[in-house]
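What follows is one structure encoded as structure tokens, with my remarks underneath.
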Amino acid sequence: MTLLAVSITKKPTEAAVEDIRRAFAEFGADAVELRLDYMPDADLATLMSAVPEGGTVIVTARDRAEGGAWRYDDDQRIATLVDAAAHHPDYVDVELATWRRRADAESRLGPLLDRPGERSGGEQSPGLILSTHDFDGRPADLDDLVEAIRAAPCQVVKVVWQAESVRDIYRCFEIMRSANRRGGKPVIAIAMGEAGLAARILAGKFGAFLSFCSSEEGAGSAPGQISVHEMKRLYRWDDIGPATTVYGVIGCPIAHSMSPAIHNPALAECDIDGVYVPLRVEPGYENFEAFVGGAAERPWMDVRGLSVTIPHKENALRWIDQALGTPDAVEPLARQIGAVNTLVFDAPGKVRGLNTDYAGALDALTDAMACERNDLDGVPVAVIGAGGASRAVVAGLRHCGCDVTIYNRTYDRAVSLAEEFGCRSAPLEEVDKLDARIVVNTTSLGMHPNVDQTPLSADSLKDDMVVFDNVYNPMQTRLLGEAAEVGCLTVSGVDMFVNQAVAQFEAWTNRAAPRELMRRVVVERLSSR
Ligand code: NAP
């Protein structure tokens, strides 16, 4: 079983005790790591007494050279670890560099250490975790370091480095897997930073010894550490195992994506053994190709589906065409839009590319209007905006036979989009003269924080119009508020957003998505912003 460990860093001792209690009792962590470098004056006996029966304790006093907060010299550090070992933690973590540099680390600590085992009334000696931490990037000699630690007299191998890219998670998984295959020493492999987060979440799938998290949000002792609450509740740590299938969202930036909060509860609700993780892939086709190609080459990762967001939607389409060489695997409308926001991994080497943005928009409209897509044939629609969202909406509307006029601030963009999809175009200044049954705002006007903005005046709205705002933050935009006052039927961007996620979920799982749950999550998230 892979342990979930909470790093304890707080001073004074009472605050650390409180965090230890909460880690085990409230959050159900399996282990705590007592970071004595952050709390050199902590009363170890008191800390240990807060650990419940069966809880695992690791102590360390991390060297500054390896990202620790230790302020004193090596002598005092080793003395602190020797004292700590006398309190019978389960493990003492010492850096490989310290172990090599200081002969007395081995001579003083060594006799106190033993094989790892259960904590049994203080009789058990702690095991040794030998570790390396590189905050500058991936060590060039990573494999040699792993081998050196494996060969040393320790019980657990720990390698930690700053992720250079999301592809570092592959190195983590390979190190974890090779330890298991050889039946060798358990391994902790961590790529720090946002790019490495998936390796922390998926440590249980690949049989790592443990993964670290913080007691609360923002209190991590290393970059990329998330809170135990998030790990347990959002990513369902306890349910992740070797057979867990993997889903995720590729984008940059990715930290504020709502998608993990939508898809993880949906997977849980449908009893699907799967987890959905954020994957920060830097801009550029090469980065996209290297990461997604890497996932496709590793069928043991069990990737089943990926959401693709800014700036990679065009790259996803290009990847299917060029790298896979299977242009037929791109949904025709996604090709017309020029963007794939959903990858479906059907089998090794078989990946389909879809665009669920247009489907999400159409479903939002037809649901509100209580009609079918073919009922939209010939309906006059004004689309305001000519950016990415507009492309998807216009493609969908034209697919249904709508008579579309595109208005945009930069008129040239309206013209070229209109030419591409067989629509009319007009400058934004003329939008107040529009005459349409459906009005769709695809500009960012009215989006937080500019909530007073609106793309057209209330005077141009008529009560028989359907007004659909793609903006979903805020949920009730000025445009929608004014449209409702006039008596228009209004459609919120939230519905489009939820629908595109529903379509992704159903494409990946072939199961009906728990739409209401997904909507509730989105509404809760947006309301709390
Ligand atoms: P985008 O590609 O950057 O396009 C932005 C559009 O807004 C362009 O047409 C731009 O006109 C126009 N615009 C921006 N500022 C303007 C201003 N001050 N006055 C007039 N026009 C202005 O962005 P996008 O990806 O299409 O996103 C647009 C909006 O749709 C965002 O609010 C986004 O959150 C929302 N969206 C919602 C969903 C959903 O699921 N509900 C999905 C995707 C997007 P120019 O061409 O003149 O710059």
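Owing to the predicted nature of the structure, the values given are computational and were not obtained by experimental measurement. Counting starts at 1 for both ligands and their atoms, in listed order. Note: hydrogens, waters and symmetry copies are ignored here, and every other heavy atom, side chains too, is used.
A donor-acceptor contact closer than 3.5 angstrom is absent between the side chains of Gln225 and Ser214. Checked by atom type, the side-chain pair Asp273/Thr244 shows a donor-acceptor distance below 3.5 Å. Side-chain contact of Glu216 with Ser227: a donor-acceptor pair under 3.5 Å is absent, judged by distance alone. Thr443 and Asn441 share a donor-acceptor pair across their side chains, judged by distance under 3.5 Å alone. Inspection of the Asn355 and Arg335 side chains reveals no N or O donor paired with an N or O acceptor under 3.5 Å. Between the side chains of Thr442 and Asn470, no donor-acceptor pair is found at a separation under 3.5 Å. Residues Tyr358 and Glu331 have side chains that bring a donor and an acceptor to within less than 3.5 angstrom of each other.
For ligand 1, none of its N or O atoms has an N or O atom of Ser390 under 3.5 Å away. An N or O contact shorter than 3.5 Å links Ala389 to ligand 1 by distance. Below 3.5 Å of separation, one finds an N or O of Gly388 facing an N or O of ligand 1. For ligand 1, none of its N or O atoms has an N or O atom of Tyr472 under 3.5 Å away. At least one N or O atom of Arg409, backbone or side chain, sits closer than 3.5 Å to an N or O atom of ligand 1. Any N or O atom pair closer than 3.5 Å counts here, and Gln500 shares no such pair with ligand 1.
Residue contact check: Val471 has heavy atoms under 4.0 Å from atoms 32 (O) of ligand 1. Taking every heavy atom of Arg413 and a limit of under 4.0 angstrom, the matching atoms of ligand 1 come to 45 (P), 46 (O), 48 (O). When each atom of ligand 1 is checked for a heavy atom of Met447 under 4.0 Å away, the hits are 31 (C), 32 (O), 34 (O). Within ligand 1, counting atoms from 1 as listed, the ones closer than 4.0 Å to a heavy atom of Leu428 are 20 (C). For ligand 1 and Phe497, the ligand atoms under 4.0 Å from any heavy atom of the residue are 40 (O), 41 (N). Residue-ligand proximity, Gly385 to ligand 1, at heavy-atom distances under 4.0 Å covers atoms 9 (O).
Between Ile190 atom CD1 and Arg200 atom CZ the span is 5.0 Å, to the nearest 0.5 Å. Remark: Glu282 CD to Phe288 CZ distance equals 14.0 Å, nearest 0.5 Å.
Put simply, atom 15 (N) of ligand 1 has protein non-hydrogen atoms near it, under 4.0 Å away. Counting only heavy atoms, the protein never gets under 4.0 Å from atom 23 (O) of ligand 1.
Of the protein's heavy atoms, Thr410 OG1, 3.4 Å lies nearest to atom 45 (P) of ligand 1. The single protein non-hydrogen atom nearest to atom 6 (C) of ligand 1 is Thr443 CA, 3.9 Å, given as residue, atom name and distance. Of the protein's non-hydrogen atoms, Gly387 CA, 3.5 Å is the one closest to atom 4 (O) of ligand 1. In terms of protein heavy atoms, atom 42 (C) of ligand 1 is closest to Met496 CE, 3.7 Å.
Taking the six-membered ring wherever Trp is involved, the centroid distance between the rings of Tyr285 and Trp319 does not fall below 6.0 Å.
Which of Asn473, Val393, Thr442 comes nearest to atom 28 (C) of ligand 1 through a heavy atom is settled by distance: it is Thr442. By heavy-atom distance, the residue among Asn470, Leu445, Asp412 lying nearest atom 41 (N) of ligand 1 is Asn470.
Remark: distances from the non-hydrogen atoms of Asp357 to ligand 1 are all 4.0 Å or more. Contact annotation: Ala386 has at least one heavy atom less than 4.0 Å from an atom of ligand 1.
Here Asn408 has side-chain heavy atoms under 4.0 Å from ligand 1, and that is the only part of it that gets that close. Residue-level proximity to ligand 1 for Ile310 is absent, since no heavy atom of it falls below 4.0 angstrom.
The shortest side-chain heavy-atom distance between Leu362 and Cys400 falls under the 4.5 Å cut-off. Taking 4.5 Å as the limit, some side-chain heavy atom of Leu267 sits within range of a side-chain heavy atom of Arg236.
In this pair, Phe173 and Trp300 present their aromatic rings perpendicular. The plane angle is above 60°, beyond the 30 to 60° band.
Scanning both residues, Cys488 and Met465, for their nearest heavy atoms gives CB-O, 3.2 Å.
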